[in-house]
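Counting starts at 1 for both ligands and their atoms, in listed order.
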Amino acid sequence: MNEKNNLLSIENLTINFGGLRALDDVFLNIAPNQVVSLIGPNGAGKTTLFNAICGLVKPNSGAISFEGKKIKWPKPSQLADYGIARTLQGVGLYSGLTVLENVMMGADKHKNSYFVKDLFGLSAKNEEGLKARAMDALAWAGAADKFELSPSELTYPDSKRVALARALVMQPKLLLLDEPAAGLGQDEIDNLAKLINDLKRTCAVLLVEHHVDFVSNISDQVYVLNFGKVISSGDFETVKRDPAVVAAYLGVDSSTEDGAL
Ligand SMILES: Nc1ncnc2c1ncn2[C@@H]1O[C@H](COP(=O)(O)OP(=O)(O)OP(=O)(O)O)[C@@H](O)[C@H]1O
Ligand SMILES: [Mg+2]
């Protein structure tokens, strides 16, 4: 695909942590409405790449384009302006708010000012509209019946559903998910795969994930990182057979998920 047609495109990204090169000349292309997965052994640089897109790590060099235009590396507070949403690590729901209020907060464009007064400073009409959108997102994520609960009353899988609904309520063009299947049982992983497949109608998804079966079920493109470099990219079946990928996963204990490729 022509680079101009990509929703997000990264070139020549290098990130050093002191003397350690965590990412080395990395590229990444995400087309609209595609699911792209980042895989690779522990320490490969997946989270660092994810964090660079979210503005949590500053690149030493490299270029990023969004919707065909070169942009500055976004700050976390600018993500919503581009239409980029992410689920927060460790779910990150606000304990003092109900599930519905948490999801409504996801629509706040200025994520640095998480004040309840902002939420309730909305005009009644806007608040009703936002409530309806938040309920739609909760229903889609399969947690509509939990809307009045406090986050502390949710099971872990339900809290992940709510976090997903919160990310989606801003109707993003790109959704970033760091290990969305972590800690879920097989039924819940299958359900998440259905939800992500469904999402492709409205947005693109970039995810970091260790569950290889899950990745193979949902990904249009897979990027494999090892020691900070992209060693392979393409559809899952192509990447899986790539000798560079097979070699990278050798030596990893085959009883772990990492070795299951
Ligand atoms: N803030 C940091 N300071 C120093 N080194 C870091 C920092 N963050 C990551 N690293 C190092 O950079 C390399 C890449 O780490 P990263 O967390 O991106 O890997 P990963 O692919 O996400 O691994 P995992 O699968 O274990 O989550 C590792 O060697 C890691 O120790
Ligand atoms: Mg990681």
>> Could you tell me, atom by atom, which parts of ligand 1 come under 4.0 Å of a heavy atom of A44?
In response: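 Reading through ligand 1 atom by atom, the close ones are 19 (O), 20 (P), 21 (O).
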>> Can you name the atoms of ligand 1, numbered from 1 with element, that are less than 4.0 Å from a heavy atom of H210?
In response: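 Ligand 1 atoms under the 4.0 Å threshold to H210: 25 (O).
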Any Lys/Arg nitrogen of [X] or [Y] sitting under 4.0 Å from an Asp/Glu carboxylate oxygen of the other?
| X | Y | answer |
| --- | --- | --- |
| E179 | K46 | no |
| E67 | K173 | yes |
| R161 | D158 | yes |

> For the Mg ion (ligand 2), does an N/O/S atom of N42 lie at less than 2.8 Å?
Replying inline: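 False for N42.
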>> Check whether N102 reaches the backbone of Y94 with its side chain - one donor and one acceptor, N or O, closer than 3.5 Å.
In response: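 Flag set: sc N102 to bb Y94 pair under 3.5 Å.
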> Would you say L225 and V230 make side-chain contact, with heavy atoms under 4.5 Å?
Replying inline: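 Side-chain contact under 4.5 Å: yes.
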> Linking I/L/V/M/F/W/Y whenever any side-chain heavy atoms sit under 4.5 Å apart, do L199 and L184 land together?
Replying inline: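 Same hydrophobic cluster.
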Nearest option to [atom], as decided by whichever heavy atom of [options] sits closest:
| atom | options | value |
| --- | --- | --- |
| atom 18 (O) of ligand 1 | N51, L49, T48 | T48 |
| atom 28 (C) of ligand 1 | G19, G43, P41, G45 | G43 |
| atom 20 (P) of ligand 1 | K46, E179, R21 | K46 |
| atom 22 (O) of ligand 1 | L20, T47, V208 | T47 |

